[in-house]
Amino acid sequence: MNLKKLFTMQQQLDAFIEETQQITKDVFREKGLALLVELGELANETRCFKFWSTKGPSERSVILEEFVDSIHFLLSLGIMKGFDDLEEWPIAKREGDLTDLFIQTEGAVLNFILKPERAQYEEAWMCYGALANALDFTAEDIVRAYVSKNEKNYERQRNGY
């Protein structure tokens with residue numbers, strides 16, 4: 001999946017937020033924590049780890065929206081570190097069930113936050129790709145949901161979110 005369009009859209013949204021919110025400091029750590037929180041919210045919607053509950057996962061559309069919430073922050077962090085030249089979503093096979101994949105992704109994101117280098121960034125993308133695959137999201141699903149949520153994020157900023 002080509003990431004150029006998403007990086008461009010994210011750069012524009014980030015610039016809009018920075019101007020609207022008058023952001024002048026480095027917010028890499030804050031965005032990193034936001035990514036970890038969004039990943040947790042995504043896991044919560046899948047309910048994959050809730051062995052104590054018989055309630056099923058949220059609707060697919062809810063899970064997809066949480067997934068692209070994470071992608072917004074993953075793109076933004078890459079932009080901040082100059083990795084927005086990553087044109088294609090790096091793919092690598094990951095083993096395990098959905099819970100395993102969430103733990104691997106959490107670790108990869110944390111590694112990138114602590115050591116923001118290209119290899120760690122690409123590893124985070126690979127883990128997100130494994131999650132997308134396990135959740136049965138296509139590239140088209142992700143792009144469509146990202147564009148929709150991007151528009152919603154602009155609207156939120158205009159309305160004092």
Side-chain angles (χ1 to χ4, degrees), residues 1-21 23-43 45-46 60-96 98 100-157:
M1 176 173 136
N2 190 287
L3 297 173
K4 290 178 98 167
K5 175 182 178 180
L6 300 185
F7 272 118
T8 299
M9 291 178 70
Q10 190 64 46
Q11 285 172 323
Q12 293 167 348
L13 177 61
D14 287 352
F16 183 77
I17 291 170
E18 288 168 15
E19 181 180 320
T20 303
Q21 300 297 329
I23 306 297
T24 58
K25 68 176 193 163
D26 182 345
V27 291
F28 182 82
R29 292 177 327 116
E30 287 83 354
K31 287 182 183 182
L33 180 56
L35 176 53
L36 291 169
V37 169
E38 293 297 342
L39 181 59
E41 290 177 4
L42 173 60
E45 294 298 337
T46 70
R60 185 176 191 276
S61 62
V62 172
I63 295 171
L64 180 57
E65 184 172 338
E66 289 297 342
F67 184 86
V68 298
D69 282 347
S70 293
I71 296 302
H72 273 83
F73 286 107
L74 188 56
L75 289 161
S76 189
L77 289 167
I79 291 164
M80 291 185 80
K81 294 303 176 183
F83 302 144
D84 51 324
D85 60 345
L86 183 65
E87 291 187 24
E88 292 293 324
W89 192 319
I91 303 296
K93 183 129 173 75
R94 296 287 180 271
E95 298 297 325
L98 199 50
D100 292 329
L101 295 175
F102 273 110
I103 292 168
Q104 291 171 37
T105 306
E106 185 95 10
V109 168
L110 189 54
N111 283 339
F112 173 64
I113 294 166
L114 296 173
K115 188 177 180 184
E117 297 176 0
R118 181 173 287 274
Q120 284 72 19
Y121 187 61
E122 289 184 9
E123 178 64 23
W125 274 105
M126 287 183 237
C127 288
Y128 264 93
L131 281 175
N133 187 50
L135 294 167
D136 201 29
F137 296 151
T138 66
E140 294 78 22
D141 293 333
I142 294 166
V143 170
R144 185 174 42 254
Y146 177 88
V147 169
S148 175
K149 189 59 184 263
N150 191 275
E151 291 169 5
K152 186 185 286 187
N153 287 339
Y154 274 107
E155 190 61 33
R156 285 177 168 176
Q157 287 298 310

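Just the heavy atoms: all of them, side chains too, but no hydrogens, waters or symmetry mates, feed the values below.
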First locate atom [atom1] of [X], then atom [atom2] of [Y], and finally report the distance between them rounded to the nearest 0.5 Å.
{"X": "L36", "Y": "E106", "atom1": "CG", "atom2": "CD", "value": "5.0 Å"}
{"X": "N133", "Y": "L101", "atom1": "CG", "atom2": "CG", "value": "9.0 Å"}
{"X": "L64", "Y": "D136", "atom1": "CG", "atom2": "CG", "value": "11.0 Å"}
{"X": "T138", "Y": "E140", "atom1": "OG1", "atom2": "CD", "value": "4.5 Å"}
{"X": "K4", "Y": "D85", "atom1": "NZ", "atom2": "CG", "value": "10.0 Å"}
{"X": "T105", "Y": "D100", "atom1": "OG1", "atom2": "CG", "value": "10.5 Å"}

Check against side chain to side chain contact (heavy atoms under 4.5 Å, CB included), F83 and Q120: CA-CA 11 Å; F83 302 144; Q120 284 72 19; over 6 Å; no
Within the side chain of [X], is there an N or O that forms a donor-acceptor pair under 3.5 Å with the backbone of [Y]?
{"X": "Q104", "Y": "E95", "value": "yes"}
{"X": "S148", "Y": "R144", "value": "no"}
{"X": "N150", "Y": "V147", "value": "no"}

List the atom pairs, with distances to 0.1 Å, where a side-chain N or O of residues 71-80 and a protein N or O form a donor-acceptor pair under 3.5 Å, not counting sequence neighbours.
unit_1	atom_1	unit_2	atom_2	d
H72	ND1	V68	O	2.9
H72	NE2	N153	ND2	3.4
S76	OG	D14	OD1	3.3
S76	OG	D14	OD2	2.7
S76	OG	K31	NZ	2.6

E88, CD atom: more than 12 neighbouring heavy atoms under 6.0 Å: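 Correct, the count exceeds 12.
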Other residues, nucleotides, ligands: >12 heavy atoms within 6.0 Å of K81 NZ: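 Counting other residues, nucleotides and ligands, NZ of K81 exceeds 12 neighbours.
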Evaluation steps, side-chain hydrogen bond (donor to acceptor under 3.5 Å, both in side chains), between Q157 and Q21: CA-CA 8 Å; Q157 287 298 310; Q21 300 297 329; 2.9 Å; yes
Test salt bridge (Lys or Arg N to Asp or Glu O under 4.0 Å) applied to D69 and K152, step by step: CA-CA 11 Å; D69 282 347; K152 186 185 286 187; over 6 Å; no
Ring pair (Phe, Tyr, Trp, His ring centres under 6.0 Å) partners for F7, two or more places apart: none
Worked verdict on L98 versus L135 for side chain to side chain contact (heavy atoms under 4.5 Å, CB included): CA-CA 8 Å; L98 199 50; L135 294 167; 3.9 Å; yes
Evaluation steps, side chain to side chain contact (heavy atoms under 4.5 Å, CB included), between I142 and W89: CA-CA 12 Å; I142 294 166; W89 192 319; 4.0 Å; yes
L3 versus L86, closest heavy-atom pair with distance: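 Minimum heavy-atom separation between L3 and L86: CB-O, 3.6 Å.
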Shortest non-hydrogen separation from L42 to I63 and the atoms involved: CD1-O, 3.4 Å
Worked verdict on E122 versus R118 for salt bridge (Lys or Arg N to Asp or Glu O under 4.0 Å): CA-CA 6 Å; E122 289 184 9; R118 181 173 287 274; 3.5 Å; yes
Working for side chain to side chain contact (heavy atoms under 4.5 Å, CB included), residues Y146 and Q10: CA-CA 10 Å; Y146 177 88; Q10 190 64 46; 2.6 Å; yes
4.5 Å side-chain heavy-atom contact, F102 and T46: yes
Only distances under 3.5 Å count here; give the side-chain donor-acceptor pairs of residues 123-130 to other protein atoms, sequence neighbours excluded, each with its distance to 0.1 Å.
unit_1	atom_1	unit_2	atom_2	d
E123	OE1	R94	NH2	2.8
E123	OE2	R94	NE	3.4
E123	OE2	R94	NH2	2.7
W125	NE1	Y121	OH	3.0
Y128	OH	S70	OG	3.2

